[in-house]
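I have placed the structure first, in the form of structure tokens, so that the comments after it can refer back to it.
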Amino acid sequence: MSLAIETRDLVKTYKSRSGPINVVSNLNLQVEPGEIFGFLGPNGAGKTTTIKILLGVIYQTTGDAYVLGKEAGDIAIHKQISYLPEKPYYYEHMTGLEIMQFYASLFGIHDLKKCKDLLERVNLGNDMNRPISQYSKGMQQRVGLAQSLLNDPKLLFLDEPTGGLDPIAHIEIRDLILQFRDEGKTVFISSHELSDVERICDRVAIINKGEVVAQGRLEELLIGGRIELTANGCPDDLATRLRDEDTLVSINHGRMIVDVPDTHNPDQIAKMVQAAGGEIVSIIPRRKRLEDLFLEAVTGDNIAKGRRLDRIVEKQGEEKN
Amino acid sequence: MGVILAIAKTTLGEAVRRRVLLVILLVGVLFLAIAPALEALSPRQELTVLRALTLGIIQLTSAVIAVVLTVYLIPNEIERRTIYTILSKPVRRWQFLIGKYLGAVGALGLMMLLMTTIMLLVFLIMRKVEGTAEIASLAKVPFAFFIQMSLLAAVSVFFSTFASPIVNFFLSGGVYLVGTVFDSFFDVLSKNSQLNPAVKGMASIVHVIVPNFQSFNVQNPAINQLQFIQSEGMFYLGLGVYAFTYISILLIAGIVVFEYREV
Amino acid sequence: MRLKTAQLWGLVAGLAIVQGLVHEAVVFPLWKKNYAVRTDLGNGGLSPDQLLLAFAGFRELIAGILWVRADSFFDDGNFDAILPIIRLVTILDPHQIDVYSTGMWHIAYNFTDEGSRSDRRYVPSAVALGIEGANNNPNTYELFYETGWLYFHKIEDDYPEAVKWFEEAMKRPDVITARRNILNAAYQHNGQIDKAADYLYNLLQESEKRVKSGRDFMASTNRDTIENNYDNLLVRMAQRGYFAKKGGYYQDWDYDTKPPFDVGFSAEVSVVEPKVIRVEGTWNVLPVGTRIRIVLRDENFPHAVPAGMQWYQGPAINLDPPKDETFMQEQLFVKNQRFDRKIDMSRDPLMYPFAQDKYIVEFYYNPRQAPAYIQDKFGWSGEGMTDRNFLNNDVRPGMNVIYTTMEFTRDQLLRQGAWENKVPVVRTKNYVGFGARQLQDQVFKVPGIEPEPDKK
């Protein structure tokens with residue numbers, strides 16, 4: 001089976017006064033059918049631009065983009081995909097049900113029951129006859145999800161689906177997305193809500209400045225937790241001995257913090273500390289989080305690892321100043 | 001076709017609820033309602049003035065509505081991102097554009113129908129009009145205006161595929177003005193034997209190319225109650241063909257531009 | 001699948017040709033024939049839409065276009081077409097001074113019948129237009145001057161108004177030097193001789209200053225003119241006994257103005273053809289230059305005053321004088337102590353509708369209008385003039401004028417009914433014919449005046 005989404009060296013260039021700007025440059029994505037794919041990146045990284053190219057709303061400058069095995073923009077695939085834009089608005093004078101009927105008619109679907117069922121499914125059964133203008137943000141988002149299911153799509157594009165929603169709405173939307181996977185749909189989520197993505201995505205791609213900086217299954221990307229060892233009464237030379245390429249050591253008045261990848265054996269370090277006369281205070285293993293990965297990816301600093309990252313980020317901030 | 005109609009219907013539903021349009025319409029309707037009171041200004045030719053005034057109000061109001069309605073058709077869709085949900089469905093851009101245009105024309109038609117009805121009612125109540133023939137001759141005028149406004153709407157739909165609403169407002173308004181006010185002026189220029197051929201050539205080009213809105217201004221016989229209209233059927237047929245052709249030109253050109261537009 | 005752009009552009013080009021053909025061949029010719037607004041304003045016409053432009057703030061533009069159009073009508077002599085344009089232009093752009101002044105002149109002077117008599121029914125509109133223009137343009141002398149000129153030259157009979165408007169004009173700093181002399185003439189016509197003298201004196205003082213400043217090439221010419229005028233005035237004041245009267249020694253000396261000279265006016269009016277009258281009469285003044293006013297009007301003509309009408313009738317500018325009112329005013333030129341003039345009112349039924357039953361003919365002579373050499377005898381206000389029968393100091397208080405009236409009926413003037421085959425003739429009782437009349441005159445009425453003793 002072919003990939004649900006594939007891009008090869010996708011480039012999108014805009015002209016500006018200071019010369020051309022690559023909003024998307026050499027983007028290579030592979031999205032497998034049936035997975036929930038997280039498309040991550042800071043604001044302005046080119047996420048929405050990429051989605052628009054995949055939808056055929058705008059056109060790439062060079063490179064190829066394929067959706068469900070066909071070139072992006074091919075109207076035939078639009079029957080099998082759906083798109084929920086970031087912060088969508090709808091024709092406010094219409095009721096939820098009317099919106100559904102309108103979008104259904106764009107597919108040539110004239111099935112009132114289906115429209116009602118989908119609204120029931122997103123918990124809007126009681127509000128379907130109220131105009132959209134009276135809906136809350138979360139309700140509008142749910143209408144958006146409902147309309148995106150009208151054509152029983154194989155592939156869903158969700159652009160910041162939980163953006164600006166309260167925690168309960170978050171959970172509702174998340175649960176709906178998980179249901180989509182169970183139904184065998186491919187879901188392409190663009191987001192910077194990392195906790196959501198971490199919970200529901202099978203695979204992610206992180207882009208920054210238009211380029212993919214990390215892509216793969218979440219379990220694979222998140223391998224490499226860290227272990228943090230804290231000890232008191234350590235001599236300064238111990239720090240020097242322990243320090244190596246992947247081992248971060250800081251020492252202050254004998255209190256030493258050692259931060260190593262979980263591939264290292266902490267017992268060995270503990271022995272060295274004890275041998276040097278130090279006293280172990282704690283040994284804490286810490287799983288790698290998507291946040292770490294994200295920061296790692298977008299700051300592009302290989303040395304920055306673990307929780308020291310925040311300091312690195314701060315330092316970069318200072319340099320800019 | 002179903003897609004176009006669905007978009008047209010939604011556009012119409014939205015347009016008839018837009019506040020700015022309703023305000024313009026309300027002002028027009030108010031003027032229509034008080035127009036008979038202005039006959040005091042013209043004791044001798046009250047009927048002529050009253051008809052000219054009411055038809056003028058309908059025309060002006062419709063023109064403003066037509067432009068204000070259409071300049072925001074596409075930009076509003078982009079701003080609200082509804083265009084993305086629609087274009088990510090199996091909807092072609094030309095279908096979208098034509099649907100929007102038809103919806104706008106439908107809304108315009110409804111509003112003009114309302115104004116025409118009010119005008120005729122006021123005339124009937126004030127006993128300013130008698131007999132079906134007179135009513136018919138009066139009602140033909142807003143009908144021609146409607147075709148005129150459909151052409152105007154097509155002009156601004158075309159501009160809206162590449163211009164911002166404010167720019168579009170002035171572009172469309174300018175084309176309407178030139179097509180209404182100066183068209184026969186250009187015609188006269190192009191036939192003036194004393195002018196230099198280059199100027200004459202330019203004048204005839206402008207005369208032929210600019211949509212001739214003036215040809216839809218058929219109010220004169222109705223205002224002055226002239227009875228000698230010749231080949232009326234031929235005229236309206238020609239007018240219909242002309243409007244249809246010109247609207248097609250504008251929409252096709254708009255579609256081609258819009259097809260490559262990045263939204 | 002993308003659109004086939006090239007083909008679509010081709011289609012657009014094809015349709016563009018179709019629309020051009022349809023419009024030029026069918027729509028536009030039929031529209032022009034059936035629906036275009038025929039304003040007859042030159043070639044193009046000014047449509048309501050162009051008027052809309054006017055209301056949209058391009059008033060001056062439209063006014064300008066209109067005025068340029070109107071120009072061609074002056075060339076063609078199509079005067080009727082100009083009036084509405086003038087009114088429209090002045091409404092659209094009330095600062096079109098040239099349009100106001102041209103319009104006044106045009107309204108007052110250009111509506112003439114075959115005998116170059118202008119239609120006096122228009123004069124009040126010209127006056128009103130001038131006053132409106134002056135009020136709208138108070139910063140320039142021009143329309144004050146033009147309004148004064150209308151009273152001074154066209155109306156000739158309401159000199160207080162002429163003085164008033166000229167005085168207003170002279171207050172404006174932009175008044176042309178050469179035009180300032182007119183107020184002197186207006187004062188004299190108005191009988192304000194002191195003021196005329198003072199005015200000329202002041203003008204002279206001013207022009208002396210200008211000559212001394214040495215900057216103005218025309219200043220000395222102008223100074224000479226004023227000086228000449230001033231000299232003339234002083235001589236005339238002496239000659240006509242003005243100073244003598246002031247000093248109280250008029251009766252002690254001989255002056256040209258005494259004894260009062262009897263002008264010996266008599267007249268006969270005969271309706272020689274329908275609407276054609278022949279006016280003959282005597283005037284015992286040998287030098288040429290006398291013009292006697294004759295007015296023929298409806299007996300109940302509104303706003304009528306003796307030998308004229310109220311020339312200012314309010315601010316309304318009515319470009320369409322009432323179609324049922326008749327007012328004819330003409331000058332009788334005296335040569336060899338008599339006058340003989342045929343006045344034909346049959347050519348223009350719009351100007352002379354003869355819609356009423358009774359008509360008045362008025363004869364009127366006002367010495368204020370007389371040339372200087374006649375005034376040397378008659379004085380500024382007719383103190384050196386008399387007439388045994390028709391001297392009058394009522395119709396123009398404060399001066400001696402000659403005035404008498406006759407009556408006609410419509411049937412007489414139109415030569416219909418009882419008068420179809422008879423020539424109606426009305427004479428002053430003192431009228432002496434010059435013989436040589438072939439027609440069988442029908443004397444039917446004589447105004448109630450004393451007959452001369454030796455005539456029947």
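Values below: all heavy atoms of this structure, side chains included; hydrogens, waters and symmetry mates excluded. Each chain gets a letter, A, B and so on, in the order its sequence line appears, and its residues count up from 1.
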Next on the checklist: Is there a side-chain contact between C/Val27 and B/Asn212 in this structure, where contact means two heavy atoms from C-beta onward sitting under 4.5 Å apart?
Outcome noted: no
Next on the checklist: Counting only heavy atoms from other residues, nucleotides and ligands, does the tally under 6.0 Å from CZ of B/Phe162 exceed 12?
Outcome noted: yes
Checklist entry - Do the non-hydrogen side-chain atoms of C/Trp31 and B/Leu239 ever get within less than 4.5 Å of each other? => result no
Checklist entry - So how far is it from B/Ser248 OG to C/Gln19 CD, rounded to the nearest 0.5 Å? => result 11.0 Å
Checklist entry - Taking atom OH of C/Tyr352 as the centre, does the number of heavy atoms from other residues, nucleotides or ligands within less than 6.0 Å exceed 12? => result yes
Next on the checklist: Looking only at side-chain N and O atoms, does C/Tyr35 offer a donor or acceptor that is under 3.5 Å from a partner on B/Ser215?
Outcome noted: no
Checklist entry - Do the two ring centres, one from B/Tyr246 and one from C/His23, sit under 6.0 Å apart? => result no
Item to check | Residue list, ring pair (Phe, Tyr, Trp, His ring centres under 6.0 Å) with B/Phe258, at least two apart or on another chain | outcome: none
Checklist entry - Rounded to the nearest 0.5 Å, how far does CG of C/Leu30 lie from OH of B/Tyr236? => result 11.5 Å
Checklist entry - chain C heavy atoms under 4.5 Å from B/Phe244: which part of the residue, side chain, backbone, both or neither? => result neither
Checklist outcome for this item: Distance col, row B/Ile255:CD1 vs C/Thr5:OG1, nearest 0.5 angstrom, shows 11.5 Å
Checklist entry - Most heavy-atom pairs under 4.5 angstrom with chain C, which of B/Val218, B/Leu237, B/Val208? => result B/Val218
Next on the checklist: Checking an interface table here. Which of residues 144-155 of chain B come within a heavy-atom distance under 4.5 Å of chain C?
Outcome noted: none
Checklist entry - So how far is it from B/Ile247 CD1 to C/Leu15 CG, rounded to the nearest 0.5 Å? => result 12.0 Å
Checklist entry - Taking C-beta and beyond as the side chain, do C/Val26 and B/Phe235 meet within less than 4.5 Å on heavy atoms? => result no
